[in-house]
Protein chains: 4
Amino acid sequence: MTAMKSVDKPYLVERQDKPQLTKRLNRIEGQIRGIGRMIEEDRYCVDILTQISAVRSALDAVALQLLRGHTHGCVQTAIRSGDGDQAIDELLSVVEKFAR
Amino acid sequence: MTAMKSVDKPYLVERQDKPQLTKRLNRIEGQIRGIGRMIEEDRYCVDILTQISAVRSALDAVALQLLRGHTHGCVQTAIRSGDGDQAIDELLSVVEKFAR
Amino acid sequence: MTAMKSVDKPYLVERQDKPQLTKRLNRIEGQIRGIGRMIEEDRYCVDILTQISAVRSALDAVALQLLRGHTHGCVQTAIRSGDGDQAIDELLSVVEKFAR
Amino acid sequence: MTAMKSVDKPYLVERQDKPQLTKRLNRIEGQIRGIGRMIEEDRYCVDILTQISAVRSALDAVALQLLRGHTHGCVQTAIRSGDGDQAIDELLSVVEKFAR
């Protein structure tokens, strides 16, 4: 029971993170649209690439926030319930995708 | 004169790449919106992270296509006109952002 | 007590991983020496860069193996002992360095 | 003739870069040996991972220096001799390995 206290609905995005994540994703969506416009308007490639690199960082920040919530929440809960090894393997295969 | 033949308007996105780049960016914009929905709908974090990793790859493909057009076009033109060193330094500082 | 069974000496490299990690690092050391020789012998830059990229992958594999052992071992133990949050924050700050 | 002035032996590591590259690689070799010792001495995984992340940055710096010399030297020479497109494709396939 205590083991479950930090998440009432396990394996989901932490509730308190949702508004910030939504805000960040809306902003990224706007940045992607901005890059589309830069291409339409024949803007200089290097400026477009700089903008893409900024979006990539913003996306990594979202991924890291999700990873943090997931590890403190679901992974911790799984470990306390004795199902840790599978949750950890899954976590690490996701980390591997980002570390490449 | 010959040096300029591959780009009629130097320092811009190669014309022939524009439709494909626009298509790719529209698709990425849709993927970002999809990630927003996954968060709203309380989907499993690991699935959201997998989706973010897919968007990152799609964004890298766009960056690489721009980089290719830029190097074959603007950088090559600059080198042929004798302004190569500056164009190369600028190119490498952009590559550095992506290689990190 | 049960919580501690997977590591008898917490916070250290898993014993069973040590021979393989040592072997991998010896191999990487040899590859680095090989790259030094390639530079001395005026080998083609692109071949040297390809070799550096191979070493980077080998190093990432070592990091991932350590990360796996650390998460299954120390992090899991810390969570079971109730010190999970600090161990998770530390884990994620290391992951962040590799995901960059 | 003038096109060749920046490299007397095309497609090789720039001569002036060799001592610094050798020094950097010797240092990286020592760092790898240090990581091996940390594993032998049962040092804390997170400290070892931090050290691996430092080696990765050092290796990326070597790659970037080689890339810079290669682009200013061989790629520029190839473009001036009219063989630019092939040299650029090769350059970008190497960049792709590092940006991944």
Side-chain angles (χ1 to χ4, degrees), chain C residues 9-15 17-19 21-57 59-60 62-64 66-67 69-71 73-75 87 90-91 93-98 100, chain D residues 9-15 17-19 21-57 59-60 62-64 66-67 69-71 73-75 87 90-91 93-98 100:
Chain C
K9 218 176 153 188
Y11 288 87
L12 301 177
V13 172
E14 295 291 292
R15 271 172 213 294
D17 281 351
K18 283 176 70 172
L21 285 167
T22 302
K23 211 173 151 185
R24 283 178 162 193
L25 281 166
N26 286 340
R27 198 175 173 178
I28 289 170
E29 201 189 313
Q31 286 175 301
I32 297 285
R33 252 196 309 274
I35 293 168
R37 266 195 309 274
M38 288 176 92
I39 285 169
E40 281 316 305
E41 294 167 3
D42 280 326
R43 297 279 292 279
Y44 183 38
C45 322
V46 171
D47 294 339
I48 305 176
L49 284 163
T50 301
Q51 201 52 29
I52 292 178
S53 149
V55 172
R56 215 171 74 146
S57 299
L59 214 50
D60 283 353
V62 168
L64 210 70
L66 278 167
L67 207 60
H70 176 66
T71 313
C74 321
V75 176
E90 192 188 47
L91 173 74
S93 74
V94 155
V95 164
E96 201 175 352
K97 275 180 197 145
F98 282 91
R100 271 169 308 176
Chain D
K9 220 174 152 189
Y11 288 85
L12 301 177
V13 172
E14 296 289 291
R15 272 174 211 296
D17 281 352
K18 283 176 69 172
L21 286 167
T22 302
K23 210 172 152 185
R24 284 179 161 191
L25 282 165
N26 286 340
R27 198 174 171 179
I28 289 170
E29 202 189 312
Q31 286 176 298
I32 298 286
R33 252 197 308 274
I35 293 167
R37 266 194 309 274
M38 289 175 91
I39 286 169
E40 282 317 303
E41 295 167 4
D42 279 325
R43 296 278 292 279
Y44 182 38
C45 321
V46 171
D47 294 338
I48 305 178
L49 284 164
T50 301
Q51 199 54 27
I52 292 178
S53 150
V55 172
R56 214 169 77 146
S57 298
L59 213 51
D60 282 353
V62 168
L64 208 71
L66 277 168
L67 207 60
H70 177 65
T71 314
C74 320
V75 176
E90 192 188 47
L91 173 73
S93 74
V94 154
V95 163
E96 203 174 350
K97 276 180 196 141
F98 282 91
R100 270 170 308 176

Legend entry - Reported CD1-to-CG distance for the pair D/Ile48 and C/Leu67, which is rounded to 0.5 angstrom: 12.0 Å
Inset, instruction - Enter the distance from D/Gln51:CD to C/Leu66:CG here, rounded to the nearest 0.5 Å. - result: 12.0 Å
Inset, instruction - Over all heavy atoms of both residues, which pair between D/Lys18 and C/Ile39 is shortest? Give the atoms and the distance, please. - result: CE-O, 3.2 Å
Legend entry - Segment of C/Val46 engaging chain D (4.5 angstrom heavy-atom cut-off): both
Legend entry - Choice from C/Val55, C/Leu91, C/Ile52 maximising heavy atom contacts with chain D below 4.5 Å: C/Ile52
Inset, instruction - Could you look at C/Glu40 and say if it's the side chain, the backbone, both or neither that has a heavy atom under 4.5 Å from chain D? - result: both
Legend entry - Closest non-hydrogen atom pair between D/Phe98 and C/Arg56, with its separation: O-NH2, 2.9 Å
Legend entry - Over all atoms of both residues, closest heavy-atom pair of D/Leu25 and C/Ile32: O-CG2, 3.6 Å
Inset, instruction - Any chance you could measure D/Ile28, atom CD1, to C/Glu29, atom CD, to the nearest 0.5 Å? - result: 12.5 Å
Legend entry - Closest-packed option against chain C by number of heavy-atom pairs under 4.5 Å, given D/Gly30, D/Gly36, D/Ala63: D/Ala63
Inset, instruction - Give the C-alpha distance, both sets of side-chain angles, the deciding distance and a yes or no for side chain to side chain contact (heavy atoms under 4.5 Å, CB included) between D/Lys97 and C/Leu49. - result: CA-CA 9 Å; D/Lys97 276 180 196 141; C/Leu49 284 163; over 6 Å; no
Inset, instruction - Determine whether more than 12 heavy atoms belonging to other residues, nucleotides or ligands lie under 6.0 Å from atom CZ of C/Arg33. - result: yes
